[in-house]
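By convention here, the first residue in the shown sequence is residue 1.
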Amino acid sequence: MTDEEKLSAINETIKNLKDDKKGLSSLLNSIWGALSPEEQQKLKTIRATKPYYAEERFNLFVARKIQEYEENEKNGKKSDGFRQDILDNVRKSIAEIENPQPNNIFIQSTAGYNNIREQLNATPEVFMKYGISTSCSNAAGAFVHEFIKTVENILKSKNLTKEEIKAEIDNIKKNDIIFLATTKYTNLIDGRAGHVVPCVKLNTNNWVMIEARNETIQENVFTKEIPDSDMVVGKSFEHLIKGHEDVPYIIKDISSENCTNHEDFLEHRSRVKLDDAQTFLAQVAEEKCWSPGMRKKIKRELDILSNLSEEDKKLLPEFPEELQRKIERERGIQSLRLATEELGKQVQHGPYVSMDELKKAQAQQAYLGID
């Protein structure tokens, strides 16, 4: 395929994924449109206050329903009525939110959520079929599935034989599509803040990264072209996600296969070993593409990881989440210390900060045990 044909297929696929009525948000759009103004307001309140982690619990409920409907189909039962089933359950859960019952969508346990949503990647056709993706890896899987369908249609229009079409698609799947797994610089140890994006290789050897699900920095900016030399495990990466500009991620994994097991994903495609994390942070702290403020944060993170006690290091690799909590606490302590120092300077040199504010900051330091 020519690059023009690949780019056309990418744009057509993005258009389909973003379609309000048939795309990855179409289930949510249809539910919202069917709710009354009163129901919408209640749902807004639930989502704003998040007393029951509404989004995660809703996504888990839907993922389980998808599995249920797919299993019914395998057993010869019709899958009609999925959206109505979800809508009925949402309405019921909204109505009883002040006195919720055990089967209420918004109070069910999220245990197993990550595993179930990753399992859906094994059948990527379900995302457009049911009009939802519950994670970035789901959206990446949906993109690749729909992209291949679009490519096939383009190849058919060129009057190629079935054998030629199959050979071209097999080649694209093997050599021109990857799943890029990245981890945010603040969560290198536990790997629980990352992003997965699909990428398509052009004949120039550059790659096109696609944001299939998330909001982006600019309206209708869903792709970014990346030189092949930058697609290297261990290098820094900047995503298009809104609010994540000037935020470094590490390229942790490059694979032709999407992940279907969450624990395996964390272990092999997300978490970074301590030595590698320190090397990465030292590298990006010197990169001029990041703002001075971000480089200070990176250096703070490097300082924390470089000064872990031997006791803390023993938490790895078995208890990365526990070590991450200690890192986050130390990060907060350092931020507060710097803020207090700045307040002290302002009290001494200007009338902009009161002594009460300084005392309050010092009290916070004392509570955290900072000298």
Exercise for review: Locate the shortest heavy-atom distance separating Arg83 from Gly131; write the atom from each residue and the value.
Suggested key: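 So the two residues come closest at NH2-CA, 3.9 Å.
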Check your understanding: Of the non-hydrogen atoms in Ile94 and Glu39, which two are nearest, and what is the gap between them?
Key ->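 Scanning both residues completely, I find the closest heavy atoms to be CD1-O, 3.9 Å.
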Checking side-chain polar atoms at under 3.5 Å, does [X] have a donor or acceptor matched by the opposite partner on [Y]?
X      : Y      : answer
Glu118 : Asn114 : no
Ser236 : Glu287 : yes
Gln334 : Asp303 : yes
Asn187 : Asp190 : yes
Arg57  : Thr110 : no

Expected output: side-chain [X] to main-chain [Y] donor-acceptor under 3.5 Å:
X      : Y      : value
Glu56  : Tyr113 : no
Glu301 : Ile327 : no
Ser255 : Glu257 : yes
Arg117 : Leu60  : no
Asn203 : Met1   : yes
Lys224 : Glu238 : yes
Asn104 : Ser93  : yes

Exercise for review: Please say whether the positively charged group of Lys18, taken as NZ for Lys or CZ for Arg, lies over the ring of Phe222, i.e. under 6.0 angstrom from the six-membered ring centre and within 45 degrees of the axis.
Suggested key: yes
Check your understanding: For Phe237, is the NZ or CZ atom of Lys184 found under 6.0 angstrom from the centre of its six-membered ring and inside 45 degrees of the ring axis?
Key ->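 No - Lys184 does not lie over the ring of Phe237 by the 6.0 Å and 45° rule.
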Review point. Is any side-chain heavy atom of Lys65 less than 4.5 Å from a side-chain heavy atom of Glu68?
Key: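 With C-beta onward as the side chain, the pair touches.
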How many angstroms lie between [atom1] in [X] and [atom2] in [Y], if you round to the nearest 0.5 Å?
X      : Y      : atom1 : atom2 : answer
Ile304 : Lys326 : CD1   : NZ    : 13.5 Å
Ile172 : Leu155 : CD1   : CG    : 6.0 Å
Ser30  : Asp20  : OG    : CG    : 11.0 Å

Practice item. Step by step, work out the salt bridge (Lys or Arg N to Asp or Glu O under 4.0 Å) result for Arg192 and Glu321. Key: CA-CA 9 Å; Arg192 291 188 177 273; Glu321 292 88 355; 2.9 Å; yes
Practice item. Begin with the C-alpha distance, continue with both residues' side-chain angles, and end with the deciding distance and a verdict on side chain to side chain donor-acceptor pair (under 3.5 Å) for Glu70 and Tyr130. Key: CA-CA 10 Å; Glu70 287 295 290; Tyr130 294 101; 2.5 Å; yes
Review point. Taking the six-membered ring for Trp, are Tyr249 and His195 ring centroids under 6.0 Å apart?
Key: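 Here the rings of His195 and Tyr249 have centres that are no less than 6.0 Å from each other.
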